[in-house]
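Before any comments, here is the structure.
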Amino acid sequence: MDSQTQKKLYDLWLQFAVMVVRNQKLEPPQFASVAQLFGDTLQQQLAKFTLQDHPLVGTISSRDLPMVDGKLKVRGENFHTDHSNYSAPPKSTMLHAVALPSHGGDTQFVDVRRAFDELSPAIKEKILPLRSAHVYESSKSPRKMAAISAEERAKVPQTLQPLVIRHAETGRAALYLNTGRMEGIEGMESSEAVKLIDDLYAHATQLKYEYRHQWKHGDMVIWDNRSVMHQANPDFDPAEYRFLYRIMLQGAPLTAYQEQHHEETVT
Ligand SMILES: [Fe+2]
């Protein structure tokens with residue numbers, strides 16, 4: 001791809017935040033080279049969901065999934081943004097569908113930039129200075145995170161993230177939420193923080209902000225974790241095989257939309 005086309009593609013991706021490319025047939029090395037058009041590939045967090053021959057390419061397989069109460073448990077079963085507990089979370093996640101069930105297993109996205117833009121001025125003012133602690137698994141998490149070894153858990157970071165981030169490339173404001181990992185809000189009483197997070201989450205996950213991707217064989221989807229949240233669906237027949245490759249792209253540390261000035265006043 002020439003650099004002009006690459007830039008055009010990249011700019012469209014920044015603008016729309018979710019890009020779908022149909023009818024691809026990418027082997028892991030080709031998928032990895034497509035990823036390089038958009039950024040630097042991130043090391044996968046969970047070794048057990050990684051291709052042995054291609055350690056930068058992760059896998060999402062229905063055969064890895066546990067059944068709970070007769071229902072399939074998928075990873076990412078509520079709206080979230082990936083690895084938000086990292087100080088520099090992946091700017092993007094990419095999936096390529098290799099095998100799909102006959103129906104179900106859609107991926108939903110919500111635009112958290114528009115969700116922020118459409119908040120009332122009073123709420124905006126209230127949340128702009130706030131930060132939330134993001135941990136591996138919040139004590140209030142609506143879902144169980146993948147079980148990890150004590151050794152892996154010791155390496156998992158936790159980070160204070162702004163509630164409203166400034167996109168490092170476009171400068172746009174976006175809500176930054178992940179109910180599976182947010183452990184309260186800095187300087188706010190716990191029940192008040194939980195209420196605020198729940199209200200923002202309910203606002204941001206309205207249907208009007210959503211694009212629902214129905215997978216077709218050969219689809220490649222790349223999204224911007226700074227601009228959308230996403231959610232997986234477990235509503236497919238567990239006897240059918242669903243298999244996707246996953247790559248994440250390195251991001252920069254997140255910054256607050258509203259710069260904080262912690263100036264000391266000398267009296
Ligand atoms: Fe995810």
Side-chain angles (χ1 to χ4, degrees), residues 10-19 38-39 76 78-93 107-135 138 140-142 159-188 192-213 221-232 248-249 251-262:
Y10 193 85
D11 288 346
L12 279 169
W13 174 69
L14 284 179
Q15 183 187 346
F16 288 95
V18 181
M19 182 178 278
F38 293 87
N78 67 326
F79 276 109
H80 65 282
T81 179
D82 286 332
H83 297 356
S84 63
N85 55 315
Y86 282 32
S87 62
K91 70 172 184 177
S92 167
T93 304
T107 305
Q108 293 161 270
F109 300 91
V110 284
D111 190 330
V112 281
R113 304 167 300 181
R114 275 187 54 212
F116 173 79
D117 289 346
E118 294 177 11
L119 286 169
S120 73
I123 299 278
K124 283 181 182 169
E125 196 186 346
K126 176 178 177 177
I127 65 172
L128 276 168
L130 299 177
R131 295 194 298 176
S132 173
H134 289 245
V135 300
S138 166
K140 288 133 199 117
S141 176
T159 311
L160 279 170
Q161 303 287 20
L163 215 47
V164 184
I165 59 168
R166 178 185 294 273
H167 194 288
E169 295 172 272
T170 67
R172 274 190 77 172
L175 284 172
Y176 196 72
L177 301 170
N178 188 350
T179 48
R181 300 201 198 273
M182 290 168 92
E183 195 65 72
I185 291 174
E186 191 184 29
M188 188 180 281
E192 191 192 344
V194 169
K195 167 94 173 67
L196 178 59
I197 290 169
D198 286 351
D199 287 351
L200 292 171
Y201 187 79
H203 166 75
T205 54
Q206 292 176 83
L207 206 53
K208 62 178 175 174
Y209 300 131
E210 181 180 314
Y211 164 67
R212 185 177 184 117
H213 185 66
V221 176
I222 167 167
W223 69 85
D224 189 331
N225 280 315
R226 303 159 295 185
S227 301
V228 292
M229 287 196 286
H230 61 281
Q231 161 170 288
M248 290 180 164
L249 300 179
L254 298 173
T255 54
Y257 184 67
Q258 187 182 73
E259 272 306 318
Q260 293 302 295
H261 301 287
H262 301 287

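Numbers here simply count residues along the sequence, with the first being 1.
With contacts defined as side-chain heavy-atom distances shorter than 4.5 Å, the pair H203/I123 does not qualify. For the pair H230/D82, a side-chain contact is recorded, criterion being any heavy-atom separation below 4.5 Å from C-beta on. A heavy-atom distance below 4.5 Å is found between the side chains of L196 and L130. Proximity of T107 to V221: side-chain heavy atoms (C-beta onward) are nowhere separated by under 4.5 Å. Residues F116 and R172 have side chains not in contact (no heavy-atom distance under 4.5 Å, counting atoms from C-beta outward).
Nearest heavy-atom pair, T205 versus F79, reported as atom, atom and distance to 0.1 Å: CG2-CD1, 3.4 Å. When all heavy atoms of P253 and A88 are compared, the pair lying nearest together is N-CB, 3.6 Å. Between N225 and P90, the closest heavy-atom pair is ND2-O, 3.2 Å. Considering every non-hydrogen atom in both V110 and A204, the closest pair reads CB-O, 3.4 Å. Closest approach of Q258 and P129 over heavy atoms only: OE1-N, 3.9 Å.
With Y257 contributing its side chain and P162 its backbone, the two residues share no donor-acceptor pair below 3.5 Å. Of the possible polar contacts, none joining the T159 side chain to the H134 backbone as a donor-acceptor pair under 3.5 Å is found. Between the side chain of S132 and the main chain of L163, no donor-acceptor pair closer than 3.5 Å is present. Side chain of R114 to main chain of K208: a donor-acceptor pair is present (N/O by atom type, distance under 3.5 Å, no hydrogens or angles). For N178 (side chain) and H80 (main-chain N/O), no donor-acceptor pair under 3.5 Å exists by modelled atom type. For the pair E125 (side chain) and A122 (backbone), a donor-acceptor distance under 3.5 Å is absent. Counting only distance, with no hydrogens or angles, the side chain of Q161 and the backbone of S84 share a donor-acceptor pair below 3.5 Å. Between the side chain of H83 and the backbone N or O of Y86 there is no donor-acceptor pair closer than 3.5 Å. A donor-acceptor pair under 3.5 Å is formed between the side chain of S92 and the backbone N or O of W223.
Expressed to the nearest 0.5 Å, how far CD of E210 lies from CZ of F109 amounts to 10.0 Å. For the atom pair CD1 (I127) and CD1 (I197), the distance works out to 11.0 Å, reported to the nearest 0.5 Å. Rounded to the nearest 0.5 angstrom, L177 CG and I165 CD1 are separated by 10.0 Å. The CG atom of L14 sits 7.5 Å away from atom NZ of K91, with the distance rounded to the nearest 0.5 Å. In this structure, the separation between CD1 on I222 and CZ on F38 is 4.0 Å, given to the nearest 0.5 Å. For the atom pair CE (M182) and CG (N85), the distance works out to 12.5 Å, reported to the nearest 0.5 Å.
More than 12 heavy atoms of other shown residues, nucleotides or ligands fall within 6.0 angstrom of atom CD in E118. Within 6.0 Å of the OH atom in Y211, the count of heavy atoms belonging to other residues, nucleotides or ligands exceeds 12.
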Open item on the list: Please evaluate residues M229 and Q108 with respect to the criterion side chain to side chain contact (heavy atoms under 4.5 Å, CB included), reporting the C-alpha separation (whole Å), side-chain torsions for both, the decisive distance (0.1 Å), and the verdict.
Closed with: CA-CA 8 Å; M229 287 196 286; Q108 293 161 270; over 6 Å; no

Open item on the list: Working note: V112 + Y176, criterion side chain to side chain contact (heavy atoms under 4.5 Å, CB included); need CA distance, chi angles, decisive distance, verdict.
Closed with: CA-CA 7 Å; V112 281; Y176 196 72; over 6 Å; no

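Under the 4.0 Å criterion applied to side-chain N and carboxylate O atoms, D117 and R113 are not assigned as salt-bridge partners.
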